[in-house]
Protein chains: 4
Amino acid sequence: MAAGTINKVILIGNLGDDIKMHYFDDQNCVGRFPIATSESYTNKQSGEKVTSTDWHNIVVRNGLAKVCEKYLSKGDKVYVEGKLKNRQWEQDGVKRYSTEIHVNEMTMLSTKKNTDSSTPIAPQQDQKPSAPAPKTVTPEEDDDLPF
Amino acid sequence: MAAGTINKVILIGNLGDDIKMHYFDDQNCVGRFPIATSESYTNKQSGEKVTSTDWHNIVVRNGLAKVCEKYLSKGDKVYVEGKLKNRQWEQDGVKRYSTEIHVNEMTMLSTKKNTDSSTPIAPQQDQKPSAPAPKTVTPEEDDDLPF
Amino acid sequence: MAAGTINKVILIGNLGDDIKMHYFDDQNCVGRFPIATSESYTNKQSGEKVTSTDWHNIVVRNGLAKVCEKYLSKGDKVYVEGKLKNRQWEQDGVKRYSTEIHVNEMTMLSTKKNTDSSTPIAPQQDQKPSAPAPKTVTPEEDDDLPF
Amino acid sequence: MAAGTINKVILIGNLGDDIKMHYFDDQNCVGRFPIATSESYTNKQSGEKVTSTDWHNIVVRNGLAKVCEKYLSKGDKVYVEGKLKNRQWEQDGVKRYSTEIHVNEMTMLSTKKNTDSSTPIAPQQDQKPSAPAPKTVTPEEDDDLPF
DNA sequence: TTTT
DNA sequence: TTTT
């Protein structure tokens, strides 16, 4: 239970790389991948168009990590929702800080992955390439999935 | 215009310190302050209660920065909404990274600041100490404020 | 699992009335209460200040409903998050429509209810009247509560 | 300025119909269209899969309405963000109520509209049918658009 | 490192 | 009325 505080991040962006999975055992795992968001605006002084991109470190766990591993790959567009988490560690005697987004909800908005038509949850690529069947997946629902 | 991406952060938390203002000139300024969010949960293995706190680097600009300077102080609870922004710089030859939240909407949920009753925007402390009249301030509306 | 869609409502507002509880049995119940949000702006033509208030029909279930019943009352300020749900029914032969917000997360931002200090979840009114210790409650966590 | 309240709706869904535009004059207009969100879950008693769909009345104004008219059509998937607004009117002596979502930010997540390649903002359908170039449009930015 |  |  949170102490009367709210910590919420909502992103729609593209995967900059495939997910990297790390298994602790066959039940517990964590997956990490970067998501890019970008915005472009016109600089008021110079009149030139500027595009800036921000990279976000996404962390998913267990069932949701397995779903991401199965359906997402580099370049795909996704909706994610989660919490900002600070992580610190020491590297070569220097304290390092990193900000991660611990995601608990993910919806695919596009997918490039060739999905096996025998798995009913899979987006059916053959029917309608421009609108692959996306699904929203949350941790509670992972248990229903065939992993 | 953003390239079909969304970058949104919503926080409710407490100021860990007073705002630090930096003025570029009398029109342009930036203010920074930390916000803490926390959550506590029961560790499933040990059964002990764990509380974890995350600190967020809030950045506000111009009119909204001046409103924050005027009405917020250490310990106050606020709602903020903004975007995640990565910042990098070099310090002693080492590349440093920091994640900031560039806030464009702020609502006071409590205030300790002794506010002058002659400024109508100020929360009226005398009437209802447990629920000071908060106001939502967004950048577009700054022009209406008496600065 | 949702079909690649997102339905999310976030409100901070005040209860217009106490919660109305309806029990199906001792496990299952539903609670309803109205929340007001308001905004005021200056009419560009007339220059006069206009305040408009919107009322939202909040619906909570089971453990979260019991928490709301216990800690919230008319006038309190809360943060809620949920989904928009359309409901239709017939009344006197006329089809009626209503929009509800089915809430799955609630955080108290103020409370007037006199809370018993023996219940540790209760905001501790004696310490800090202007900022009662609020708690975020989500359905998954209800099981930990003493109901 | 809002009175310390927050009223925020975030939807990703599909247009159930084309936008209906109403022009007050050549500067001021309003557009309306329905968006569907759906969720499916397994009924715990019966074990059968249930899908429920909610329809949302989207309202956009002026520049954003024109962008929606130009780029969106029935079936398209969009991200929208806005505020819940109650509307009431009398019809045949009976008071009617309706809930609308007054949208101030829209991002196209798919488009079926055949867009003219001479307009640079248009999604370029020929290159990559499965991922049309989406754009986020907010009211403040409308002035940059060629209307 | 993505995407447009 | 959409979408899967």
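Lettering follows sequence order; numbering is per chain, from 1.
- With values rounded to the nearest 0.5 angstrom, A:Leu11 atom CG is found 4.5 Å from A:Ile101 atom CD1.
- Taking C:Lys83 as the reference, nothing meets the side chain to side chain donor-acceptor pair (under 3.5 Å) condition, with sequence neighbours excluded.
- No aromatic stack links A:Trp55 and the base of E:dT2, using centre distance under 5.5 Å and interplanar angle under 30°.
- Applying the salt bridge (charged side-chain N to carboxylate O under 4.0 Å, His left out) test between D:Glu100 and each of D:Arg32, D:Lys85, D:Arg61 identifies D:Arg32 as the sole match.
- Between D:Asp76 atom CG and F:dT2 atom P there is a gap of 13 Å when expressed in whole angstrom units.
- The nearest whole Å value for the distance from the OH atom in A:Tyr79 to the C1' atom in F:dT3 is 18 Å.
- Rounded to whole Å, the distance from CD1 on A:Ile12 to C1' on E:dT3 is 13 Å.
- Whole-Å rounding puts the A:Asn14 CG to E:dT2 P distance at 10 Å.
- When rounded to the nearest whole Å, the span between CG of A:Leu11 and C1' of E:dT2 equals 13 Å.
- Sequence order on DNA chain E of the closest nucleotides to A:Thr51 and A:Pro34 puts A:Pro34 first from the 5' end.
- At a cut-off of 3.5 angstrom, counting only N and O atoms as typed in the model, there is a donor on one side and an acceptor on the other between the side-chain of D:Thr53 and the base of F:dT2.
- When the P atom of E:dT3 is taken as reference, atom CG of A:Leu109 falls 15 Å away, rounded to whole Å.
- In this structure, A:Ile35 atom CD1 and E:dT3 atom P are separated by 13 Å, rounded to whole Å.
- Rounded to an integer number of Å, the gap from C:Asn86 CG to F:dT2 P is 16 Å.
- The list of salt bridge (charged side-chain N to carboxylate O under 4.0 Å, His left out) pairs with a residue in residues 10-24 of chain A, not counting sequence neighbours, reads A:Asp17-A:Lys20.
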